[in-house]
Engineer: 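The structure that follows is given in the form of structure tokens.
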Amino acid sequence: MDKNKKELSKAWESQKFEGLIYKKWEESGYFNPDNLDLPEDAPSYSIVLPPPNITDKLHLGHSSMLAIEDLLIRFHRMKGFRTLWIPGTDHAAIATQNAVERKILKEEGKTRHDLGREKFLEKVWEFLRETQATILMQTRRMGASLDWSREAFTFDDERKGAVRKMFVEMYDAGAIYRGERMVNWCPRCHSTLADDEVDHEEKKAKLYWIKYGPFVLATSRPETKLGDTAVAVHPDDERYKDMVGKEYDIPGVLGTFKIKVVADKVVDPSFGSGAIKVTPAHSFVDNEIAMRHGLPMKQIINEDGRMMENCGKYAGMTTAEAREAIVADMEKMGLIDHIDEDYVHNTSQCYRCGSVIEPIPSKQWFVDVDKKLDRLNGKSLKEKAIEVAKSKEITFIPDRFTKRYFHWMENLHDWCISRQIWFGHEIPVWYKDSEIIVSETAPEGEGWIQDADTLDTWFSSGMWTFSTLGWPDNTDDLKKFHPTQVLETGYDILTLWVSRMIIMSLFALQEVPFKNVYLHGLVLDKHGKKMSKSKGNGINPVEMIDKYGTDAVRLSLLVGNTPGNDLRISEEKIEGLKKFVNKIWNISRFVFQKINSKETEYQEITGYTISDVWILEKFKNLIDEVTDDIENYNFSQAGEKLRVFTWDDFADWYLEISKIEKNQQKQEILKNILADSLKLWHPYVPFVTEELWKEVDDTSLLIVEKWPKKEKYEKILQGIHPKKREYSLLLIQKIIVSIRNARAQYNIQPTQKIDVTIFAGEKFEFLNQNENIIKNLRTNIGNISISEKGAELKNAYYENIEDVEIYIALEGVVDFKKEQERMTKEISQKESFVNALNKKLSNEKFVENAPKEIIQQEKEKLELAKAQIEKISSFLQKIK
RNA sequence: GGGUGAUUAGCUCAGUUGGUUAGAGCGCUUGCUCGACACGCAAGAGGUCAGUGGUUCAAAUCCUCUAUCACCCACCA
């Protein structure tokens, strides 16, 4: 230990140190597993950072993700794993395009079409570089120990190559095809959306009951009548039985048209009139009915969400305008039966821009999830994806999400991967007349035109675990680090992202992308509301870091955060944890002071004391429990245990005792426990612990120190005579608390000394040895007398702790009426306890069935309580 | 309609295979510069573990039903 070191400041100054420490870590190279000093066969531990969208700066949800993952990474690095955490960002195709469109629209009042594809993409890159820089800065400030040398972007050149390769391979294997299908169409984004990119929201609307030839039927979308080709009824519906199979003339706003009546089980006879109009081109359900019954399809709404040429005078109107016009015309023709005003139904909206989704038929690229693939031994992607979860090759934490995963997978339809937006991975397909070439590179020769569409953003992010490790090349990284150990992400993208990653990895490598999926919840404000810009209830992570320090912010996101559950957070919580970080600082400051002093007075007592044994025992167990909890993803619980140990046991008891008890062993114990505590704390609060580590060893960095082992403490404890372990410090603690309590109850000035007499029975020797602690640990006792037994004292405050009798001389101060009440209450409490125990122990079934230890425990409790009652009663008699 | 989760102190939440008289943080009350820390120390008040019925020697913990809240999936035209 360097004796010339400057004294530590009075409080932890996060702003002063955090930047320097992070720089030192980065320069050390330890974020990169290649620089770790490890044996050749060290096991790998890898995590890919879920790449944040470059649409916006990071919010507290990202911070929580970074805190959890960095905790796992730092823990495993210290545990001796070849630990890799890969950083990156996501180009977020459609989301980014929307963000830029909104920005341009706001600033320049233009649309992307005014700019053209090339100019627009320039704008996107400009925007992207800005947000990307902010995101990377924010990530560093969280203390994330990511290997920046392996940083990736879902839209950089390497990833572009991987995506093209993937597409071609999947196409060649028959896992990708092009086909005409019903798709979710966002007229604003001008693009298809996958099923789970569509949000559903309940809205009030009108329900129109229209006269429809021989039927009256209810619809919320009368404008689609122009595309109707049938009426469907339930096969068992008696009302319409005779009409099934027949054709009818239906009067409409554009003249009379013919429809066929079909019977289909999807029709709910109890809704409306039990008959529905079928619009095969603009409704998923209707489309399915049409397929089953071979009905013709008539498209009437185009990709702009407007009525098509075939809609006569309504052509060019938006669907909303057309609805109004058509209803007005139908009213005139007497075709409206009546209108329900308050009909509540679910509407479909684009998850990015909120526009109403139009189902339309369109020619698109799809991933075939049901195609049996040779590379998967004749299984489909879907089957294989289900199988790996069933076989527990992939496990979900918490487990309940496994069910959700299965449910989603089992109902998975082919995945539409083409998008009609400009910003995204280009589809590696070229057309010339009727010819088509699918290839990683553009074909030779003239006249080939590349597919104008781009790929769904989840296609490239689905490849993230292996595209970041060098795939398609069979790199060392890929061999060492794939599959990754854990995917840590929000439960809200379980289907959108996690399941896509599983599918993509199974196809590309025939292996899972990760072994465990840890799902965290949402970060909510203190009222349990989702944080959002519009509500103004968001908490800016960088602002909090500036104010309270990164360690406090990290703790606020780890404490009280349990897998799969949402987390409420407030500035007050962060502030409170800042105080705790400061407590760690000051505890360490005190310990360093103590172990750096060379006071010889520490030689007073030789050998370990009860407090030494107690703290060593506690710490030994703590190492095990914390390690166990972290390995089982119980981060909050491990943190809680660390806090209780550090603050309550170590600081409030052991350090206080160390001010009184002087023995040789103290310095060594303090030094060891503090140093190892810093290690245990490091994954939670890396900055303050790293700074303090300098005082322990300024030649090494804590980030690569070895994780503590309990064996070290076991060994010390084994060398201690068992007699030292006979009674616990707990008894002394209880006695001390009761004396302090008596002082508080009677408002004894802190400076005023009191006299105490203790009758300890068989614990006489034990308490006598520890007299000094009882006398001085904020009890301020003048004279203390400890003996086996003696005559009851009068005019004293009386307390019975585990059958140890304590008399505090408080002549003239004690209020005996109050004391009588206190003791009477205590006796009656103990009596009801004794009654309950008696009842339990006299129950034959209990004695027969309960484990022996439990019975023994209960008996001991009973004996103790009885003895206490007797002694308290006896004292009570005396003062009456 | 199907599913999941939550319900424990005024507030936020722990409580992992059922077994001390149910815990913590914040807040609250009272008193304190005691060899680091007022970003602190000490003492204390506060709970029929949502309700109901059951299983068990024993239930906050397992099962039934109910209520309230939140979310997910599907979808009604």
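Side chains are part of it too, since the values below use all heavy atoms of this structure and drop only hydrogens, waters and symmetry mates.
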Engineer: With respect to the phosphate group of rU20(B), does any side-chain polar atom (N or O) of Lys859(A) fall under 4.0 Å of OP1 or OP2?
Structural biologist: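 Answer no for this pair, as no side-chain N or O of Lys859(A) is under 4.0 Å from OP1 or OP2.
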
Engineer: Give the rounded distance in Å between these two atoms: CZ of Phe580(A) and C1' of rC37(B).
Structural biologist: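 My rounded result for the distance is 13 Å.
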
Engineer: Hey, do the aromatic rings of Trp12(A) and Phe17(A) have their centres closer than 6.0 Å?
Structural biologist: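 Centroid separation for Trp12(A) and Phe17(A): below 6.0 Å.
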
Engineer: Does a side-chain N or O from Asn586(A) land closer than 4.0 Å to OP1 or OP2 of rA36(B), or not?
Structural biologist: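 For rA36(B), neither OP1 nor OP2 has a side-chain N or O of Asn586(A) closer than 4.0 Å.
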
Engineer: Would you list the atom pairs, donor with acceptor, under 3.5 Å between side chains in residues 220-233 of chain A and any protein atom, with sequence neighbours excluded?
Structural biologist:
from, atom 1, to, atom 2, distance (Å)
Arg221(A), NE, Glu223(A), OE2, 3.0
Arg221(A), NH1, Glu358(A), OE1, 3.3
Arg221(A), NH2, Glu223(A), OE2, 3.1
Arg221(A), NH2, Glu358(A), OE1, 3.0
Arg221(A), NH2, Glu358(A), OE2, 3.3
Glu223(A), OE1, Arg323(A), NE, 3.0
Glu223(A), OE2, Arg323(A), NH2, 3.2
Thr224(A), OG1, Arg221(A), O, 2.8
Thr224(A), OG1, Lys277(A), NZ, 2.7
Lys225(A), NZ, Pro251(A), O, 3.1
Asp228(A), OD1, Lys277(A), NZ, 3.0
Asp228(A), OD1, Thr279(A), OG1, 2.7
Asp228(A), OD2, Tyr212(A), OH, 2.5
Asp228(A), OD2, Lys277(A), NZ, 3.2
Thr229(A), OG1, Pro296(A), O, 3.0

Engineer: How is Arg778(A) classified with respect to the nucleic acid when contacts are heavy atoms under 4.0 Å: base, sugar-phosphate, or nothing?
Structural biologist: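 Base: the residue Arg778(A), judged by heavy atoms under 4.0 Å, touches a nucleobase.
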
Engineer: Rounded to the nearest angstrom, tell me the gap between atom NE2 in His407(A) and atom P in rG2(B).
Structural biologist: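 His407(A) atom NE2 is separated from rG2(B) atom P by 12 Å.
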
Engineer: Return the nearest nucleotide to the side chain of Val285(A); candidates are rC37(B), rC76(B), rU21(B).
Structural biologist: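 Among the listed nucleotides, the one closest to the side chain of Val285(A) is rC76(B).
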
Engineer: Could you list the residues that satisfy ring pair (Phe, Tyr, Trp, His ring centres under 6.0 Å) with Tyr654(A), not counting sequence neighbours?
Structural biologist: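 Partners of Tyr654(A) by the ring pair (Phe, Tyr, Trp, His ring centres under 6.0 Å) criterion come out as none, since no residue qualifies.
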
Engineer: Evaluate Glu821(A) against Lys818(A) for salt bridge (Lys or Arg N to Asp or Glu O under 4.0 Å), listing each step before the verdict.
Structural biologist: CA-CA 5 Å; Glu821(A) 277 170 27; Lys818(A) 187 171 153 188; over 6 Å; no

Engineer: Tell me which pairs pass salt bridge (charged side-chain N to carboxylate O under 4.0 Å, His left out) where either residue lies in residues 831-850 of chain A, with sequence neighbours left out.
Structural biologist: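 Those involving residues 831-850 of chain A are Lys840(A)-Glu858(A).
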
Engineer: For Val737(A), report the nucleic acid contact type (base, sugar-phosphate, nothing); a contact means any heavy atom under 4.0 Å.
Structural biologist: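 It contacts sugar-phosphate atoms only.
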
Engineer: State which of rG5(B), rA43(B), rU21(B) makes the closest approach to the side chain of Asn565(A).
Structural biologist: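 The listed nucleotide nearest to Asn565(A)'s side chain is rG5(B).
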
Engineer: For Lys641(A), look at atom NZ and say whether over 12 heavy atoms of other residues, nucleotides or ligands are found less than 6.0 Å away.
Structural biologist: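 It does: Lys641(A) NZ has more than 12 such atoms within range.
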
Engineer: Can you name the residues that form a ring pair (Phe, Tyr, Trp, His ring centres under 6.0 Å) with Tyr518(A), not counting sequence neighbours?
Structural biologist: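 Counting only residues at least two positions away or on another chain, Tyr518(A) forms a ring pair (Phe, Tyr, Trp, His ring centres under 6.0 Å) with Tyr633(A), Phe635(A).
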
Engineer: Classify every nucleotide of nucleotides 22-33 of chain B by which part a protein heavy atom approaches to under 4.0 Å, writing B for the base, S for the sugar-phosphate alone and - for neither, in 5'-to-3' order.
Structural biologist: --SS--------

Engineer: Pick base, sugar-phosphate or nothing for Tyr343(A), based on heavy-atom distances below 4.0 Å to the nucleic acid.
Structural biologist: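 Sugar-phosphate: the residue Tyr343(A), judged by heavy atoms under 4.0 Å, touches backbone atoms but no base.
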
Engineer: What class does the angle between the rings of Phe580(A) and Trp647(A) fall in, given that below 30° is parallel, 30 to 60° is tilted and above 60° is perpendicular?
Structural biologist: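 Judged by the thresholds at 30° and 60°, the geometry between Phe580(A) and Trp647(A) is parallel.
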
Engineer: Using whole Å, what does the distance between atom P of nucleotide rG5(B) and atom CG of Asp399(A) come to?
Structural biologist: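 These atoms are roughly 10 Å apart.
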
Engineer: Classify the side chain of Lys10(A) versus the base of rC37(B) as yes if they form a donor-acceptor pair under 3.5 Å and no if they do not.
Structural biologist: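 No, no donor-acceptor pair under 3.5 Å.
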
Engineer: Under 3.5 Å, is there any donor-acceptor pair linking the side chain of Glu656(A) to the base of rA36(B)?
Structural biologist: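 Side chain to base: pair present.
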
Engineer: Over how many whole Å does the gap from Tyr405(A) atom OH to rC72(B) atom C1' extend?
Structural biologist: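 Computing the Tyr405(A):OH to rC72(B):C1' distance gives 17 Å.
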
Engineer: Any N or O donor-acceptor pair under 3.5 Å from the base of rC57(B) to the side chain of Asn843(A)?
Structural biologist: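 No such pair is found, so the answer is no.
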
Engineer: Check the side chains of Glu695(A) and Ser588(A) for a donor-acceptor pair under 3.5 angstrom, ignoring hydrogens and angles.
Structural biologist: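 The answer is no; no qualifying pair exists.
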
Engineer: How would you label the contact of Asp268(A) with the nucleic acid (heavy atoms, under 4.0 Å): base, sugar-phosphate, or nothing?
Structural biologist: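 Since a base atom lies under 4.0 Å of Asp268(A), the category is base.
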
Engineer: Give me the stems containing RNA chain B, sorted by first residue, counting only three or more consecutive Watson-Crick or G-U pairs with both distances under 3.5 Å; say none if there aren't any.
Structural biologist: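 In RNA chain B, stems of three or more pairs: B:1-7 with B:67-73, B:10-13 with B:23-26, B:28-32 with B:40-44.
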
Engineer: Describe the nucleic acid contact of Thr562(A) in one word from base, sugar-phosphate, nothing, applying a heavy-atom distance below 4.0 Å.
Structural biologist: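 Answer is sugar-phosphate: Thr562(A) comes under 4.0 Å of backbone atoms only.
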
Engineer: Under 4.0 Å, counting only non-hydrogen atoms across every strand here, what does Lys403(A) touch: a base, just sugar-phosphate, or nothing?
Structural biologist: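 Sugar-phosphate, backbone atoms only, no base.
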
